[in-house]
There are 2 protein chains.
Amino acid sequence: MPAKSLAAEPEAAPSNVEIRWNALLTEVLERRKPPVERKQARSKRTEQQILNAALRVFARDGISRSRIADIAAEAGISTSTLYDYYKSKEDLAYELPQAHMTEFSALFAEAATEKLTTKERLSLYLTMSADYAREHSEWARLLYLEIWPSVFVSETELKHTIDDFARVILFLIKEGMEEGWISRANDPYETAALLIGGINQVIITWLLYRKPRNLTKAGSEMAARMITILELEAAQAQK
Amino acid sequence: MPAKSLAAEPEAAPSNVEIRWNALLTEVLERRKPPVERKQARSKRTEQQILNAALRVFARDGISRSRIADIAAEAGISTSTLYDYYKSKEDLAYELPQAHMTEFSALFAEAATEKLTTKERLSLYLTMSADYAREHSEWARLLYLEIWPSVFVSETELKHTIDDFARVILFLIKEGMEEGWISRANDPYETAALLIGGINQVIITWLLYRKPRNLTKAGSEMAARMITILELEAAQAQK
DNA sequence: TTGAAATTCCGATGAATAGTCGAATATTTG
DNA sequence: CAAATATTCGACTATTCATCGGAATTTCAA
């Protein structure tokens, strides 16, 4: 691997890895293109009212039992106006996660600007995803219990957004393998499945049963445990 | 803990643990009560045709996009006849997983009758669940991508069936802790989340992307890895 | 075998919800 | 402030879910 930095500045010339990391984050953040640009302020407000109302109603009744008319009423507009904004109930349901996923990515990008190690980033990412679910439980209900799995309908826009979540983790895992604290003996995709599956299961269990009570604590404990596990595996492989 | 067995037979007097294990399996197997007993042979055939048709249509279109009329047509009966069998689309959708979950439990119970260690049972359970999903991929699509998460609508019958899945794993984990090869330092519920999340994520990824190609192999590898991890953790805790 | 009772099936129809369209209203802009 | 543009909504159609009463089929006792 060719050495890159020539500059002798004490202030970090960004490494190759760092550049790719930032590129990934940027791509993730820019994934979402605002679908239609609303011209009037009134319209922007209406759009927000619809999204808020939809989130409440979907989380309360579940997507399939929710009625467009209820959402419109909750938003204080007529049914037909809602159709001027979203062409179907499904469209509306799939729009909701997008905004929040992007916000999550932004929060993470912000929290991760500091000079953090790969390990810290991975830990932070997993921990934050659980914490974000706790803070936005209505959204989390929608995403984790209804949308995430059924994305198989190849609603490509949202699918990519969700795939991004896995891509970030995969990147960090591969980097961890380079650094040596994650064993190269295991398939990185399998490792990603373990991490994502583990943290998601904690979130889902919380959403369904409110157990364990404290999701933030449970999430960070699970994250810490999983990272310790990776280190144990690596140490084991060394022998 | 009081010693139990007095009998001196060389042929295993079932231990306390073994008795509780069998009780759990029995309970799981008997969970499902056949809803209505059909009187005519013709009717039994129709019921089967409906279930087969529903599985195909649901797996193809997803539950929410599927139409009752399509399912009836596929089954070769009229729409109204279908309503004589199931009182709503939701009812029908929730009936499907039940039968298969019970079949899975029966398969497992059969495969696990041999004198197996707790560790072998746990490994077998995880491995078999992935393999069963591969063999019944239409059903797996329905369960893992649509039903499992959204069970929160508290459809109690099915919910219990799904909870049973976790109970079996939890039992084996607790037993593993007794035996000492699973660390007592970790919450068994957290450990269960890790195992269930990990194996489910492998299954879900396969359902969505057909990757990795060989689900049976991926499932047994993941199972083996997770059990090794538990052992590593226990060994670590000993120090 | 037969015919009456039990069971299963289906066409006609009602009810609920999704989705469309053009006229009316509000906002922006020159 | 008036024309142009953007937004809203009431009235309407379309689709799908679900019900009901009677016809068709099966079962079974005599």
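Chain letters run A, B, ... following the sequence lines, proteins first, then strands; residues in each count from 1.
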Q. What nucleic acid atoms does A/Ser66 come within less than 4.0 Å of, heavy atoms only: base, sugar-phosphate, or nothing?
A. sugar-phosphate
Q: Using atom types as modelled and distance alone, determine if a side-chain donor or acceptor of B/Thr113 lies under 3.5 Å from a backbone N or O of B/Glu110.
A: yes
Q | Flag, side chain of A/Lys89 to backbone of A/Ile63, donor-acceptor distance under 3.5 Å | A | yes
Q.
For the backbone of B/His100 and the side chain of B/Trp139, can you confirm whether one donor and one acceptor N or O come within less than 3.5 Å of each other?
A. no
Q) Short question: side chain of A/Thr205, backbone of A/Gln201 - any donor-acceptor pair under 3.5 Å? A) yes
Q. Does B/Asp131 use its side chain to pair, donor to acceptor, with the backbone of B/Thr127 at less than 3.5 Å?
A. no
Q: Examine distances only and state if a side-chain atom of B/Thr81 and a backbone atom of B/Ile77 form a donor-acceptor pair shorter than 3.5 Å.
A: no
Q | Euclidean distance, atom CD1 of residue A/Ile68 to atom P of C/dT20 [Å, nearest integer] | A | 11 Å
Q.
Just the rounded figure in Å: distance from P of C/dA18 to CZ of A/Arg67.
A. 8 Å
Q) Nearest-Å distance, OH (A/Tyr83) to P (C/dG22)? A) 18 Å
Q | A/Arg32 (side chain) donor-acceptor with A/Gln98 (main chain) under 3.5 angstrom | A | no
Q | Reading 5' to 3' through nucleotides 5-10 of chain C, protein heavy-atom contacts under 4.0 Å coded B for base, S for sugar-phosphate only, - for none | A | --SSBB
Q: Hey, which sits more toward the 5' end of DNA chain D by its nearest nucleotide, B/Lys89 or B/Ala41?
A: B/Lys89
Q) Earliest and latest nucleotide of DNA chain D, 5' to 3', sitting under 4.0 Å from a non-hydrogen atom of chain A? A) D/dA6 to D/dG10
**Q.** Side-chain donor or acceptor of A/Arg31 paired with backbone N/O of A/Asp164 under 3.5 Å
**A.** no
